[in-house]
**Q** 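Got a structure for you, questions after.
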Amino acid sequence: MLMNELREKTALSRKAIEYYEEKGLISPKRDANNYRLYSEEALNRLNRISLYRKLGCSIEEIKGILEDEGNSKLAAIIREREIKDEIEYKKTKILKSLLSGENAETLKEELEHIDRRENIYESLCRIFPGYTGQALFIAYKDFLDEKLKPENQKYFDLFIDFLDNLPALPISEEEAEIIEKAAQGISVSTLKQVNADKIKAVEDYDKWLKDNKETIEKYIEYKKSDEYKNNPVIKIQGKIKAFMQENNYYATAIPLIRKFSPSYDEYYKKMLKANENLIKHTNL
């Protein structure tokens with residue numbers, strides 16, 4: 001079809017269509033008179049582009065979505081937006097506090113704390129792109145809501161520097177695709193709930209063990225099965241764990257988090273005790 005027909009079917013301007021062509025999102029052919037010819041595929045892509053633009057997606061985000069055979073890119077965008085929405089909500093609360101006459105200096109400290117949290121988001125997502133970075137941050141989220149005390153700033157800086165210097169994860173494109181697909185249905189709210197459940201478990205280990213005894217026994221049996229041992233996600237997780245150990249993540253990063261987050265330090269101590277009890281009760 002020609003440009004005019006395409007414009008009518010998509011409700012897009014000529015300039016918009018030409019812009020998306022310039023950005024490589026569509027690639028029309030040319031006829032003998034050098035007029036652009038658009039296929040049904042181009043029409044469908046433009047309709048999708050128009051939809052994602054209305055939903056506020058950037059050109060780079062849309063390019064990633066269109067190139068992604070699954071939905072991993074879209075899932076990552078959703079999680080990133082959930083994180084940003086939460087930060088914006090906290091900033092709005094601070095503005096309302098200012099409006100009500102609350103102490104400006106105290107609120108300034110709160111805002112600086114939010115900025116530091118944004119830096120953590122940005123650093124983790126840059127060092128561990130996509131789901132991996134988000135999951136790594138969410139694992140500690142509840143403990144990073146507290147203010148960073150001036151005396152702990154150096155530990156925070158060392159943590160960021162350590163992450164900055166980690167090498168890339170040694171997983172293939174195929175393995176990365178498996179992880180992304182497995183993570184597509186996992187939202188930020190789900191990750192937060194998982195974290196909340198972990199905290200609840202270490203707070204009252206005996207009750208958790210009693211309430212989940214049957215589930216734990218089934219999981220122990222499942223770990224012995226060939227299905228578990230041959231699961232590609234389990235194998236990749238083992239590979240990532242080995243990578244973390246080889247690069248001293250557990251020996252370096254975890255102690256630093258405990259230094260700048262007193263609440264995580266308290267949780268970590270309880271978690272060690274809970275793990276000891278779990279091993280004793282289940283012979284894992």
**Q** Mind checking the CG-CE spacing from Leu6 to Met3? Nearest 0.5 Å is all I need.
**A** 7.0 Å

**Q** Which distance, rounded to the nearest 0.5 Å, do you find between the OH of Tyr249 and the CD1 of Ile240?
**A** 12.0 Å

**Q** Test: side-chain hydrogen bond (donor to acceptor under 3.5 Å, both in side chains). Region: residues 38-54. Which pairs qualify, not counting sequence neighbours?
**A** none

**Q** Are any of the side-chain nitrogens in Glu67 or Lys63 under 4.0 Å away from the carboxylate oxygens of its partner?
**A** no

**Q** Got a donor-acceptor contact below 3.5 angstrom from the Glu61 side chain to the Ser58 backbone?
**A** yes

**Q** Is the count of non-hydrogen atoms from other residues, nucleotides or ligands lying under 6.0 Å from Glu151 atom CD greater than 12?
**A** yes

**Q** To which residues is Tyr35 joined in a hydrophobic cluster, defined by side-chain heavy-atom contacts under 4.5 Å among Ile, Leu, Val, Met, Phe, Trp and Tyr, whether direct or through other members?
**A** Leu2, Leu37

**Q** Sort and list the pairs that fulfil side-chain hydrogen bond (donor to acceptor under 3.5 Å, both in side chains) and have at least one residue in residues 233-248, not counting sequence neighbours.
**A** Glu175-Lys239

**Q** Kindly say whether Ser97 contributes a backbone atom to a donor-acceptor pair with the side chain of Ser100 at under 3.5 angstrom?
**A** yes

**Q** side-chain contact (heavy atoms from CB on, under 4.5 Å) for Leu158 and Phe162? Distances and angles first, verdict last.
**A** CA-CA 6 Å; Leu158 286 170; Phe162 174 76; over 6 Å; no

**Q** Apply side-chain contact (heavy atoms from CB on, under 4.5 Å) to Arg7 and Leu12, showing your working.
**A** CA-CA 5 Å; Arg7 289 175 58 195; Leu12 292 171; 5.9 Å; no

**Q** Does the side chain of Lys259 reach to within under 4.5 Å of the side chain of Lys154, using non-hydrogen atoms?
**A** no

**Q** Looking only at side-chain N and O atoms, does Asn4 offer a donor or acceptor that is under 3.5 Å from a partner on Glu8?
**A** no

**Q** One pair to check against side-chain contact (heavy atoms from CB on, under 4.5 Å): Ile17 and Glu21. What are the steps and the verdict?
**A** CA-CA 6 Å; Ile17 294 171; Glu21 179 185 346; 5.6 Å; no

**Q** How long is the span from the OH atom in Tyr20 to the CG atom in Leu25, to the nearest 0.5 Å?
**A** 8.0 Å

**Q** So do the side chains of Ile59 and Ile49 get within less than 4.5 Å of each other, counting heavy atoms only?
**A** no

**Q** What distance do Asp85 atom CG and Arg81 atom CZ have between them, rounded to the nearest 0.5 Å?
**A** 8.0 Å

**Q** Would you give the length of the straight line joining atom CD1 of Ile257 to atom OG1 of Thr252, rounded to the nearest 0.5 angstrom?
**A** 11.0 Å

**Q** Would you give the length of the straight line joining atom CG of Leu166 to atom CZ of Phe243, rounded to the nearest 0.5 angstrom?
**A** 5.5 Å

**Q** Given the side-chain rings of Phe156 and Phe260, with only the six-membered ring counted for Trp, is the space between their centroids under 6.0 Å?
**A** yes

**Q** Charged N to carboxylate O below 4.0 Å: is that the case for Lys269 and Asp265?
**A** yes

**Q** Might you work through the side-chain contact (heavy atoms from CB on, under 4.5 Å) test for Tyr268 and Tyr264, ending with a clear yes or no?
**A** CA-CA 6 Å; Tyr268 189 84; Tyr264 180 74; 3.6 Å; yes

